[in-house]
J.: 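Once you've had a glance at the structure underneath, I'll fire off some questions.
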Amino acid sequence: MNEKPHVLLVDGMALLFRSFFATSAVGQYFRTTEGLATNGVQGFARHVLAAKTMMKPTHLAVCWDMGAQTFRTDMFDGYKANRPAPPEDMLHQFDLAKQVSEQLGWKNYGEKGIEADDFIGSFTKQWKGEADFTIMTGDKDMLQLLNPSVKIAFMKKGFHIYDVYTEGRFKEEYGIEPAQFADVKAFMGDASDGYPGVKGIGPKTALQLIQKYGSTDGVLEAIEELKPAQKKKIEEHKDMLLLSKELAVIKCDIPLDVSLDEILVPNYTNDMVQLFDEQELKLLARQLEKSIIPESSPFDRIDPYER
């Protein structure tokens with residue numbers, strides 16, 4: 001029996017930002033002769049190459065955020081409004097990262113108004129039962145996508161250390177189903193995404209409420225059972241609670257006109273190495289060289305009796 005395809009879904013922007021800040025913090029920008037920083041791009045591509053070697057996916061797709069305006073900012077002005085503007089040295093690397101991804105034969109997916117999370121969720125839904133997935137990200141929101149065929153590799157230190165979550169590990173640690181994680185976020189809010197949830201309810205209480213009542217609606221239906229202080233907070237912030245739930249849920253119904261064959265992991269070539277050398281992406285070129293299966297020696301093609 002053939003094994004299922006293994007699809008690696010990469011949260012491109014999370015990886016690009018992580019790579020940029022990890023190296024810029026120690027003053028390493030890997031500039032071209034024109035002075036353009038390439039640290040984020042090279043870190044992003046090298047990270048994916050290393051993950052391919054470790055995780056051995058058969059298929060690969062890179063999903064991107066395409067600008068700050070999304071359907072979530074339409075719902076709530078404060079969504080991600082607290083995030084600082086990207087550093088000057090990063091601006092040109094957004095397009096360059098997508099270009100390098102294409103040059104390596106990786107398919108990019110993104111659409112204005114929709115977040116990378118929603119594309120990743122939609123990929124896992126579209127091929128549910130047909131493929132196994134590993135999501136490479138730094139975003140805890142993705143935990144809601146876990147199921148028996150989806151695991152999440154949270155980036156840790158360097159190129160080779162990940163904190164991997166399976167559905168089983170999540171249930172053991174949280175005591176709820178992965179899909180209920182959005183309900184927990186609805187109560188506790190998300191400081192990095194800029195929505196408050198219910199003021200005064202932290203992660204521990206939020207989790208306890210969902211463990212007991214199952215959902216945001218379940219808590220509201222049982223509100224008379226709650227401690228007076230909790231009841232008061234939830235009633236005062238009910239509108240924000242319901243809005244936070246909407247913001248927290250990853251959309252899994254983005255129409256994807258993509259077949260699995262389109263995202264097969266490509267073969268890497270010496271032409272690619274040369275291209276990246278010409279683009280002054282030396283670190284990437286050197287790592288790519290190591291990923292190329294060496295061609296057979298010319299001696300292998302000579303009749304042994306003629307040697």
Side-chain angles (χ1 to χ4, degrees), residues 9 11 14 70-73 75-76 78-83 115-122 124-125 133 135-156 162-253:
L9 295 171
D11 183 348
T70 68
F71 70 91
R72 289 185 180 87
T73 52
M75 286 161 62
F76 178 52
Y79 186 73
K80 292 191 178 177
N82 55 345
R83 294 196 177 180
E115 291 184 57
D117 300 22
D118 303 306
F119 269 93
I120 289 170
S122 299
T124 64
K125 190 77 174 281
F133 298 90
I135 298 169
M136 190 173 157
T137 186
D139 185 354
K140 281 281 198 309
D141 285 346
M142 301 277 196
L143 287 168
Q144 65 189 272
L145 299 176
L146 287 166
N147 64 46
S149 61
V150 175
K151 60 186 176 191
I152 298 173
F154 289 111
M155 297 172 286
K156 301 300 278 183
Y162 293 90
D163 186 15
V164 179
Y165 266 83
T166 58
E167 184 186 49
R169 178 185 170 189
F170 176 87
K171 286 179 176 181
E172 202 174 297
E173 286 186 17
Y174 286 84
I176 56 173
E177 294 292 323
Q180 293 171 292
F181 189 63
D183 292 279
V184 175
K185 294 289 296 281
F187 281 97
M188 66 183 252
D190 187 320
S192 71
D193 283 346
Y195 61 88
V198 176
K199 279 182 183 154
I201 289 186
K204 193 175 168 189
T205 305
L207 182 58
Q208 287 167 348
L209 287 169
I210 301 308
Q211 284 168 340
K212 186 166 184 184
Y213 298 107
S215 66
T216 308
D217 289 341
V219 174
L220 292 173
E221 281 164 23
I223 198 147
E224 297 305 325
E225 294 176 27
L226 302 184
K227 295 171 188 166
Q230 280 181 354
K231 180 179 178 231
K232 184 166 182 282
K233 284 172 193 164
I234 292 167
E235 284 177 338
E236 276 178 13
H237 299 286
K238 184 183 169 187
D239 289 348
M240 183 48 77
L241 169 68
L242 296 173
L243 178 57
S244 295
K245 168 73 188 283
E246 277 193 79
L247 295 170
V249 172
I250 292 174
K251 274 174 75 73
C252 293
D253 57 359

J.: Just jot down the side chain to side chain contact (heavy atoms under 4.5 Å, CB included) partners of F71, sequence neighbours excluded, or say none.
T.: M75, D118, K251

J.: Do the non-hydrogen side-chain atoms of I201 and L241 ever get within less than 4.5 Å of each other?
T.: no

J.: Using the test side chain to side chain donor-acceptor pair (under 3.5 Å), find all partners of E115 that sit at least two apart in sequence or belong to another chain.
T.: R72, Y79, K80

J.: Just to verify, what does R169 make a side chain to side chain contact (heavy atoms under 4.5 Å, CB included) with, not counting sequence neighbours?
T.: D163, Y165, T166, E173

J.: Check side chain to side chain donor-acceptor pair (under 3.5 Å) between K238 and all other residues, then give those that pass, not counting sequence neighbours.
T.: none

J.: With respect to V184, which candidate in L143, L207, T216 satisfies the side chain to side chain contact (heavy atoms under 4.5 Å, CB included) definition?
T.: L207

J.: With sequence neighbours excluded, give me every side chain to side chain donor-acceptor pair (under 3.5 Å) pair touching residues 203-213.
T.: Y213-E225

J.: Tell me if a side-chain donor or acceptor on Q180 pairs with a main-chain N or O of G214 at a distance below 3.5 Å.
T.: yes

J.: Please give me the minimum heavy-atom distance between S244 and Y195, naming the atom from each residue.
T.: OG-CD1, 3.5 Å

J.: Applying side chain to side chain contact (heavy atoms under 4.5 Å, CB included), can you list everything that pairs with A14, at least two apart in sequence or on another chain?
T.: D11, T137, M155

J.: Could you tell me which residues satisfy side chain to side chain contact (heavy atoms under 4.5 Å, CB included) with N82, sequence neighbours excluded, listed by chain and number?
T.: none

J.: Residues two or more places apart in sequence or in another chain: which of them pass side chain to side chain donor-acceptor pair (under 3.5 Å) with E172?
T.: none

J.: Which residues pass the side chain to side chain donor-acceptor pair (under 3.5 Å) test with S149, sequence neighbours left out?
T.: N147

J.: Is it true that atom NZ of K233 has more than 12 heavy atoms of other residues, nucleotides or ligands lying nearer than 6.0 Å?
T.: yes

J.: Locate the shortest heavy-atom distance separating G197 from M240; write the atom from each residue and the value.
T.: O-CG, 3.3 Å

J.: Check salt bridge (charged side-chain N to carboxylate O under 4.0 Å, His left out) between E246 and all other residues, then give those that pass, not counting sequence neighbours.
T.: none

J.: Testing the basics here: between Q144 and I250, what is the closest heavy-atom pair and its distance to 0.1 Å?
T.: OE1-N, 2.9 Å

J.: Could you point out which residue of L9, D117, I120 forms a side chain to side chain contact (heavy atoms under 4.5 Å, CB included) with L145?
T.: I120

J.: Could you list all the salt bridge (Lys or Arg N to Asp or Glu O under 4.0 Å) pairs where at least one residue sits in residues 139-150, not counting sequence neighbours?
T.: D141-K185

J.: Given the side-chain rings of F181 and Y174, with only the six-membered ring counted for Trp, is the space between their centroids under 6.0 Å?
T.: yes

J.: My understanding is that only residues two or more places apart in sequence, or in another chain, count here; which of them pass salt bridge (charged side-chain N to carboxylate O under 4.0 Å, His left out) with K245?
T.: D183

